[in-house]
Number of protein chains: 2
Amino acid sequence: MEEGTSKSPTHCCDTGPPHEDAEGHWDAHQWDTREDCEVRQILDRVADKWSLLVIALLERRRLRFTELRREIDGVSQRMLTVTLRQLERDGLVRRTVYPVVPPRVDYELTPLGSTLHETIQALVTWTEAHQNEIAAARAAYDAAQAAPAP
Amino acid sequence: MEEGTSKSPTHCCDTGPPHEDAEGHWDAHQWDTREDCEVRQILDRVADKWSLLVIALLERRRLRFTELRREIDGVSQRMLTVTLRQLERDGLVRRTVYPVVPPRVDYELTPLGSTLHETIQALVTWTEAHQNEIAAARAAYDAAQAAPAP
DNA sequence: CTGGATCCGACATGATACTG
DNA sequence: CAGTATCATGTCGGATCCAG
């Protein structure tokens, strides 16, 4: 193994119980600082270059390795393998191997993976709804950078 | 500048209108493959090591540079600056400079940034709700790896 | 105090070749 | 077909030094 086990050295609690500290900072839904535990991991998984694509494609129907490879296009077989392994390990994707002569492996979303897909939809929707604002903000920012003192 | 402008060479459409292609794959909310455009960018922004923290902290109240630096703890001033610049460029954070002798700069979430924070909450909630399942899946996977053929 | 500029190491990703 | 192993490389992030 080479990656996917412990990625960046994010000082993480991981196994510790997710309750608050001595100062009583968060009470209800304050993930503010403890996000570098579980949330960060999931976010890293979701955010990496290919996971999102894979999840989206598998949401529609189960696919074989090569099918995914073809559909995603820019991906190397290496990264596709790594990505699928990570998703499988997290219980988001199920891998089925058929003991046939030309090896056949199917991948499909688990129920857990489906719920994640739905959740991510919220972010997608937000992005679609605000991409114009973002683009405008960027344009304004870049323009301000180009002409600081006229 | 060194980073933050064009990150990975994600073959992106970016400026193209977000409608479907000739094959008519997606009709309604099918971000399946076109996510490598706007969604990818936002996701990268949200997912990078510090943006999430900054957004979460600024959601509570406006903060100065050093305050953020202290609260986040592990961050280098370099990455904090870079992160804040990116968020500012995207219109998620507003930067206010006070022309005083010891420079004072305040950062606060824009309304757009607030809505993003809310959206991300969904992902946080999902993670909190399913982290046990994920942990279990990982344990099962790792166990299966340790004993493949007994 | 805020933050720009440089150097540099670590890691993730891609390309390629090999295997069952 | 579905990977694994190895090597090359680009980018990110941290440490430092310097400046307004």
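Letters A, B, ... mirror the listed sequences (proteins, then strands); counts begin at 1.
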K.L.:
Can you tell me the distance, in whole Å, between the CG atom of A:Asp44 and the P atom of D:dC12?
P.N.:
15 Å

K.L.:
Within less than 4.0 Å of OP1 or OP2 of C:dC1, is there a side-chain N or O belonging to B:Arg70?
P.N.:
no

K.L.:
Roughly how far, to the nearest 0.5 Å, is the CD atom of B:Gln121 from the OG1 atom of B:Thr127?
P.N.:
10.5 Å

K.L.:
Closest approach to the side chain of A:Arg85, judged atom by atom: which nucleotide of D:dG14, D:dT4, C:dA15 is it?
P.N.:
D:dT4

K.L.:
What integer distance in Å separates A:Arg64:CZ from D:dG3:P?
P.N.:
10 Å

K.L.:
Base, sugar-phosphate or nothing for A:Arg69? Non-hydrogen atoms, less than 4.0 Å.
P.N.:
nothing

K.L.:
State plainly whether the residues A:Asp44 and A:Arg40 are in salt-bridge range, i.e. N to O under 4.0 Å.
P.N.:
yes

K.L.:
Taking the basic N atoms (NZ, or NE/NH1/NH2) and the acidic carboxylate oxygens, is any pair closer than 4.0 Å for B:Arg89 and A:Asp142?
P.N.:
yes

K.L.:
When rounded to the nearest 0.5 angstrom, what is the spacing between CG in B:Leu53 and OG1 in B:Thr83?
P.N.:
9.5 Å

K.L.:
Rounded to the nearest 0.5 Å, what separation is found between the CD1 atom of A:Ile42 and the CG atom of A:Leu116?
P.N.:
7.0 Å

K.L.:
NA contact type, A:Tyr98, heavy-atom cut-off 4.0 Å: base, sugar-phosphate, or nothing?
P.N.:
nothing

K.L.:
Distance check needed: C:dA12 P versus A:Arg45 CZ, whole Å only.
P.N.:
11 Å

K.L.:
Would you mind checking if A:Arg104 and A:Glu67 are paired as a salt bridge, meaning a charged N to carboxylate O distance below 4.0 Å?
P.N.:
no

K.L.:
Reckon B:Tyr107 has a side-chain N or O less than 4.0 Å from the OP1 or OP2 of C:dC1?
P.N.:
no

K.L.:
If you check every side-chain atom of A:Pro103, which of D:dC1, D:dT4, D:dG13 has the closest atom?
P.N.:
D:dC1

K.L.:
OP1, OP2 of C:dA12 versus side-chain N and O of A:Trp50: anything below 4.0 Å?
P.N.:
no

K.L.:
Which is more 5' along DNA chain D, the nucleotide nearest A:Pro102 or the one nearest A:Thr81? Just name the residue.
P.N.:
A:Pro102

K.L.:
What is the distance from CG of A:Leu80 to P of C:dG14, rounded to the nearest Å?
P.N.:
11 Å

K.L.:
Would you say B:Arg95 places a side-chain N or O within less than 4.0 Å of OP1 or OP2 belonging to C:dG3?
P.N.:
yes

K.L.:
Tell me the interatomic distance from B:Lys49, atom NZ, to C:dA10, atom C1', rounded to whole angstroms.
P.N.:
11 Å

K.L.:
Picking from C:dG3, C:dA5, C:dT13, which would you name as closest to the side chain of B:Arg78?
P.N.:
C:dA5

K.L.:
Of the nucleotides D:dG14, D:dG13, D:dG3, which has the atom closest to the B:Asp48 side chain?
P.N.:
D:dG13

K.L.:
Write down the distance between CZ (A:Phe65) and P (D:dT4), rounded to a whole number of angstrom.
P.N.:
9 Å

K.L.:
Output the rounded distance in Å from CD1 (A:Ile72) to C1' (C:dG14).
P.N.:
15 Å

K.L.:
Considering only C:dG3, C:dG20, D:dA15, which nucleotide approaches the side chain of B:Val105 most closely?
P.N.:
C:dG3

K.L.:
Of all the nucleotides listed (D:dT4, C:dG14, C:dG4), which has the minimum atom distance to the side chain of A:Gln77?
P.N.:
D:dT4

K.L.:
CG of B:Leu68 versus P of C:dC1: gap in Å, rounded?
P.N.:
14 Å

